[in-house]
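Worksheet: one structure, shown below.
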Amino acid sequence: MRRTRLFLPTLKETPAEAQIVSHRLMLRAGLVRQSAAGIYTWLPVGYRVLRKIEQIVREEQDCTGAQEVLMPTIQSADIWQKSGRYDDYGKEMLRITDRHDREILYGPTAEEVITDIVANEITSYRDLPKNLYNIQWKFRDEVRPRFGVMRGREFLMKDNYSFDLDKAGAVHSYNKMFLAYLRTYSRMGLKAVPTAADTGPIGGELSHEFIILADTGESEVFCDRALLELPAPGPDVDYEADLQPLVDTWTSHYAATDEKHDADACPLSGDQLVTARGIEVGHIFYFGTKYSQPLGAIIQGPDGQQVTLEMGSYGIGVSRLVGAIIEASHDDDGIIWPESVAPWTVGLINLKVGDADCEATCERIYAALQTAGVEVLYDDRDERAGGKFADMDLVGIPWQLTVGPRGLKDGKIEVKRRADGEKSEIALDDVEAWIAERAAS
Ligand code: 5CA
């Protein structure tokens with residue numbers, strides 16, 4: 001992408017309405033613009049990041065055998081009346097009346113929609129287990145939308161729903177998600193702490209929240225330092241094996257948010273106890289037959305008896321993750337994207353637009369990067385070098401390649417790594433090898 005063609009409105013000043021660093025940087029780096037309270041338009045750079053996060057979430061879900069569907073944003077009130085949640089959900093639910101005076105709503109979650117489908121379409125135990133997910137916009141009329149996309153009213157969520165014949169199967173489905181979540185966050189460069197949680201309006205008896213530690217988090221977390229050192233499961237995790245021992249290594253360590261923390265019951269003391277603030281980036285629930293019973297997801301079991309399906313639901317705050325990653329990874333100059341979610345991997349800076357040599361070299365490198373499949377943002381604007389460097393830092397591109405007349409005289413260009421600011425020079429002859437290295441990583 002050429003910077004001269006890109007729609008990237010950056011801001012020099014810190015926007016007054018933004019209280020936390022991720023919100024400030026998302027506005028300054030031109031990722032989003034607010035459309036109404038808690039409702040955002042995703043501009044090209046922000047949308048690229050959002051889609052990368054979405055793709056990691058999707059890949060990790062697919063690995064577990066979950067299948068993607070797309071449910072509507074607008075739902076009928078009927079199914080919510082059947083589950084008994086229509087009145088319970090309160091003012092957070094955006095209720096709408098259509099032209100025929102029928103009550104509809106903008107979905108805050110989708111247990112009812114998917115359970116209704118399964119109730120109608122699955123009749124035999126042979127069709128189980130099933131785990132269906134979608135990545136879809138949700139709406140919750142939060143009393144206090146704040147912190148930009150972190151607590152929005154409209155937000156993108158990955159939500160899935162598992163259907164099993166019995167409790168043991170449902171717990172296995174839950175454990176799959178537990179491990180898949182740890183993998184998902186770790187691929188985004190995040191360390192997530194699973195904490196035992198309350199179930200709120202979703203309900204159920206078993207639930208974990210996944211919390212990223214960050215000073216600006218809305219929850220307070222108390223956890224065992226050992227948890228922060230546990231490595232996330234690798235790509236070779238066998239989801240069909242018994243997952244309980246692996247899950248137990250995580251859940252046997254103490255971890256709780258302030259809602260659940262009990263200072264007297266907490267076994268940790270001194271340096272072993274980490275007290276920090278955190279951002280909830282995911283929440284999983286096992287709730288048995290809470291929805292399958294009222295919505296009639298009842299099938300014929302192996303012995304011909306009627307079985308009410310055992311369910312769980314699992315959410316990841318996809319749009320919230322954009323803010324959470326920035327909270328976890330930034331400095332005074334701007335965002336530091338982990339490569340896996342960066343809008344582009346390489347930023348190419350032409351220091352002297354109009355100089356034939358600089359332009360020819362940049363065009364050659366630009367083409368070579370694209371051919372190698374390395375995503376590149378080429379700053380071809382006729383502007384001061386300082387402004388171009390500042391913009392690349394602000395937007396957080398992991399690698400910056402700078403081409404200027406002085407370096408070219410010696411046959412060299414400069415490489416800077418955004419994460420630690422480390423600079424080095426590479427000979428023009430070695431640029432291809434450098435690109436190949438980026439393509440492979
Ligand atoms: N039905 C369940 C699981 S699918 C559910 O809705 N869970 S939830 O309420 O915990 O939401 C799942 C995730 O969505 C949360 O962990 C959080 O990361 C994200 N989320 C919730 N509310 C908001 C909001 N107002 N703004 C941005 N993200 C949100």
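Values below: all heavy atoms of this structure, side chains included; hydrogens, waters and symmetry mates excluded. Start at 1 and go down the list; that is how both ligands and their atoms are numbered.
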Checklist entry - Do any N/O atoms on Glu142 end up under 3.5 angstrom from N/O atoms on ligand 1? => result yes
Checklist entry - Quick one: does Arg153 get within less than 4.0 Å of ligand 1, heavy atoms only? => result no
Checklist entry - Parallel under 30°, tilted from 30 to 60°, perpendicular over 60°: which one fits the rings of Tyr174 and Phe178? => result tilted
Next on the checklist: I want to confirm something. Looking only at heavy atoms, which of Arg146, Lys138, Arg320, Arg140 is nearest to atom 8 (S) of ligand 1?
Outcome noted: Arg140
Checklist entry - Is Val149 touching ligand 1 with its side chain, its backbone, both, or neither, if touching means heavy atoms under 4.0 Å apart? => result backbone
Item to check | Val281: numbered ligand 1 atoms lying under 4.0 Å from its heavy atoms | outcome: 16 (O), 18 (O)
Item to check | Contact check: His283 vs ligand 1, nitrogen or oxygen atoms, below 3.5 angstrom | outcome: yes
Checklist entry - Does the side chain of Leu165 come within less than 4.5 Å of Ile299's, by heavy atoms? => result yes
Next on the checklist: Please determine whether a side-chain nitrogen of the Lys or Arg among Arg418 and Asp331 lies less than 4.0 Å from a carboxylate oxygen of the Asp or Glu.
Outcome noted: yes
Next on the checklist: Could you tell me, atom by atom, which parts of ligand 1 come under 4.0 Å of a heavy atom of Asp159?
Outcome noted: 4 (S)
Checklist entry - If you measure every N/O of Ile316 against every N/O of ligand 1, is any gap under 3.5 Å? => result no
Next on the checklist: Strictly below 4.0 Å, N to O, side chains only: are Lys176 and Glu240 in salt-bridge contact?
Outcome noted: yes
Next on the checklist: Check for me whether Ser319 has a heavy atom closer than 4.0 Å to any atom of ligand 1.
Outcome noted: no
Next on the checklist: Show, in sequence, the C-alpha distance, side-chain angles and deciding distance for Ser319 and Trp42, and conclude whether the side-chain contact (heavy atoms from CB on, under 4.5 Å) test is met.
Outcome noted: CA-CA 10 Å; Ser319 50; Trp42 292 79; 3.7 Å; yes
Item to check | Non-hydrogen atom of Phe285 closer than 4.0 Å to ligand 1 | outcome: yes
Item to check | Ionic contact status for Glu375 with Lys52, cut-off 4.0 Å | outcome: yes
Next on the checklist: Show the atoms of ligand 1 that are less than 4.0 angstrom away from any heavy atom in Gly317.
Outcome noted: 13 (C), 14 (O), 18 (O), 19 (C)
Checklist entry - Taking both backbone and side-chain atoms of Glu280, is any N or O found less than 3.5 Å from an N or O belonging to ligand 1? => result yes
Next on the checklist: Is a donor from one side chain sitting under 3.5 angstrom from an acceptor on the other, for Glu111 and Thr109?
Outcome noted: yes
Checklist entry - Considering distance alone, does some N or O of Tyr314 sit under 3.5 Å from an N or O of ligand 1? => result no
Checklist outcome for this item: One finds that the ligand 1 atoms under 4.0 Å from a non-hydrogen atom of Gly282 are 16 (O), 18 (O)
Item to check | Glu111 and ligand 1 - part of the residue with a heavy-atom distance under 4.0 Å | outcome: side chain
Next on the checklist: I'd like to know if Arg146 and Glu218 make a salt bridge, using a cut-off of under 4.0 Å between side-chain N and carboxylate O.
Outcome noted: yes
Item to check | Within-cut-off N or O pair, Asn160 and ligand 1, under 3.5 Å | outcome: no
Checklist entry - Going by heavy atoms in the side chains, are Ile316 and Val281 under 4.5 Å from each other? => result no
Checklist entry - Is the shortest heavy-atom distance from the side chain of Gln400 to the side chain of Asp393 under 4.5 Å? => result yes
Next on the checklist: For atom 22 (N) of ligand 1, tell me which residue out of Tyr161, Phe287, Phe155 has the closest non-hydrogen atom.
Outcome noted: Phe155
Item to check | Single hit among Gln55, Gln61, Glu60 for side chain to side chain donor-acceptor pair (under 3.5 Å) with Arg58 | outcome: Gln55
